[in-house]
2 protein chains.
Amino acid sequence: MRVVKKADERRNEILDAADELFGQKGFDGTSTNDILERVGIARGTLYHHFKSKEDIMDALIERYNVRLLGAAQEIAADKSIPVVERIIRVVMALNISGESSSKEIMEHIHKPQNALMHQKIQRVIINGVTPILTGIIREGIEQGLFSTPFPYECMEMVVTYANTVFDDDIVTMTNEERGSRILAFVCNVERLLGAESGSLMDAMQMFGRGDGSSYE
Amino acid sequence: MRVVKKADERRNEILDAADELFGQKGFDGTSTNDILERVGIARGTLYHHFKSKEDIMDALIERYNVRLLGAAQEIAADKSIPVVERIIRVVMALNISGESSSKEIMEHIHKPQNALMHQKIQRVIINGVTPILTGIIREGIEQGLFSTPFPYECMEMVVTYANTVFDDDIVTMTNEERGSRILAFVCNVERLLGAESGSLMDAMQMFGRGDGSSYE
DNA sequence: TTCAACCGACCGACTGCCTGTCGGTAATAC
DNA sequence: GTATTACCGACAGGCAGTCGGTCGGTTGAA
C-alpha cells in the first residue's frame, strides 16, 4: 500500500521512530530495517529523506538541540529574574525539556552502544550551554556577586564536568556518593566564580528540592 | 602456510595490528579482515584468541591502561619530589607514555569514528588518574600548600575537564585560544585547590615549556 | 627410541545481517 | 499534460561471527 505524505511529516515520523529505537537499542543496535518496519515505509523512502543512518542521528540531535537550547535561552534572557535564581532555572530547564521534548533520547544515552550519539550531544551541550550561562555570570560579575577573570572558561569547566559525571555512567556512584558529589560540586563552583561561600548552596536549596537528584 | 606461535605472542601481534589500524582508520572503519591480513592469520585464529572485535578493543585499552597508569603511579609515589613538581611530572608522564607505549592510540582517538574507544579510555583515565593526583594533593594540603575540603572531587573536575577540552576536538580552538584556555585553566585550578595565586603557574613555566602545548 | 594420544593453535568456507544504491512507479503540483 | 516529488523493493557488496575440521608440538608409555 502506498501512502504519500509531506516531506516534513515523513521526516518527523522517521525521526520519532529513530528516537525511540535508538533509545531502546542504541544506535548500532538499531538497524535501518527496524526503523522502516516501525514507520511502515520501504528502504528507498528512508534514503529519500536521509542520506545515511548517521544523517538520521545528526538530524535527531539537531532537533533536540533546538528545543533544548531554545528553552534555556529564553529564561537566560529574562533580566527580571535575579541572577542566581536564573542560573538555577536555566539548569532546571535543561533537565526538564530533556524529558518532554525528546521522549527517550536523554534517558538512554548512557548505554555504551550510544557512544557516538553521546559524544555529539556532549559537543552540542558544551558549546551551546556554556555561552548561555556565561552571559548570566557576566551580569553577576557586574552586580558584584561573582568575581572571575575567566567567566567563559569557568562555565566551560562546570558544564563539562556536570555533563560528564552527573549525566554519564562514566563514574559509577551510589546515591550517597552522588549527594556528596553534588555538595562538593556546588562549593567548587562557588570558588571558581569567586562567589560568597554558601551563596549558591543556599539558593539551590530554596529552589530545587534539596536532594538535587536530577541536577544537570 | 601454517605458523604456530605461543598464545601470548599471537595475542600481542593481533593487538599491535589492531592498535595501528584502529588508530589509522578508527574502530568502525577497521574490519576484522584488515586485522587478519596485517597479522597474516585466518579468521578462525582471530576468534580463537578474542571472542569479538570489541573484545580486541577492550584488551587494547587494558594494555594501554596498565602502561599509562603504572608510569604515573610510580612518579606519584616518589615522596622525594616536591608536591607541585610531582604533579607536573605526573601530568607530563601521562602525555609521554601515551606516545611511547602505545604507538598510535592516543593520537588518533579524536576521530569521530572512535567514539566508543574514546569513551572507554575516558572512563579509565578519569577513574584511574584522579585518585593518583588526589594522593599528591592530600600531601599538599598537609604541607599547607593547598586548602580544600574536597580534594577528590576537585581533581575529578580537573581531570574531566582537561581530558575533554584539551584532548578532544569537542571544543575546536585556534592555537591562541588554546593558550588562553590553558592560562585560565591553571588559574581556575589554583582557585579550586585554594593554592596561592600564581603558585602553579610559576611552577609550570619552570618545568613544562611555557607554551604548554601538549598539556594533559 | 619410538609411537600414539592428546590438546591447543590454526584454518577458511559459510551464514545471516546490514547499509546504501538504483531504476522504476504513483501521486501531486503547476 | 508535464514536471516534480514521494515512494517502492530487488539488489550488490561488505561485515562479524561460527563451525567442523586440520595440523603440529608435547607428553608419557611401551
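Convention: sequence-line order gives letters A, B, ...; per-chain numbering from 1.
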Dump the pairs, protein N or O against N or O of nucleotides 16-20 of chain D, anything under 3.5 Å, distances to one decimal.
residue : atom : partner : partner atom : Å
D:dA16  : OP1  : B:Thr32 : N            : 3.3
D:dA16  : OP1  : B:Lys53 : NZ           : 3.1
D:dA16  : OP2  : B:Thr32 : N            : 2.9
D:dA16  : OP2  : B:Thr32 : OG1          : 2.6
D:dA16  : N7   : B:Arg43 : NH2          : 3.3
D:dG17  : OP2  : B:Tyr47 : OH           : 2.9
D:dG17  : OP2  : B:Lys53 : N            : 2.8
D:dG17  : N7   : B:Arg43 : NE           : 3.0
D:dG17  : N7   : B:Arg43 : NH2          : 2.6
D:dG17  : O6   : B:Arg43 : NE           : 2.6

Can you find a side-chain donor-acceptor pair between A:Asn188 and B:Arg191 that sits under 3.5 Å?
no
Hey, what are the protein-to-nucleotides 22-25 of chain D N/O distances that come in under 3.5 Å?
residue : atom : partner : partner atom : Å
D:dT22  : O2   : B:Arg2  : NH2          : 2.8
D:dC23  : O2   : B:Arg2  : NH2          : 3.4

Please work out if B:Leu46 contacts a base, only the sugar-phosphate, or nothing of the nucleic acid, heavy-atom cut-off 4.0 Å.
nothing
A:Met57 has an atom CE; how far is it from atom C1' of C:dG20, in whole Å?
16 Å
A quick test of your reading: do over 12 heavy atoms of other residues, nucleotides or ligands sit less than 6.0 Å from CG of A:Asp78?
yes
Name the nucleic acid region contacted by A:Lys6, choosing base, sugar-phosphate or nothing; use a 4.0 angstrom heavy-atom cut-off, strictly under.
nothing
To the nearest Å, give me how far apart CG (B:Asp8) and C1' (C:dA9) are.
13 Å
For the side chain of A:Glu190 and the backbone of A:Leu200, is there at least one donor-acceptor N/O pair under 3.5 Å apart?
yes
For the pair made of CD1 in A:Ile41 and P in D:dT5, what is the distance, rounded to whole Å?
19 Å
If the threshold is 4.0 Å, N to carboxylate O, is there a salt bridge linking A:Lys51 and A:Asp58?
no
Measure CD1/A:Ile14 against C1'/D:dC7 and give the value in whole Å, please.
11 Å
Would you confirm whether B:Asp34, through its side chain, and B:Phe22, through its main-chain N or O, come within 3.5 Å as a donor-acceptor pair?
no
More than 12 heavy atoms of other groups within 6.0 Å of A:Glu9 CD:
yes
Nearest-angstrom distance from the residue atom NE2 of A:His49 to C1' of C:dG20
16 Å
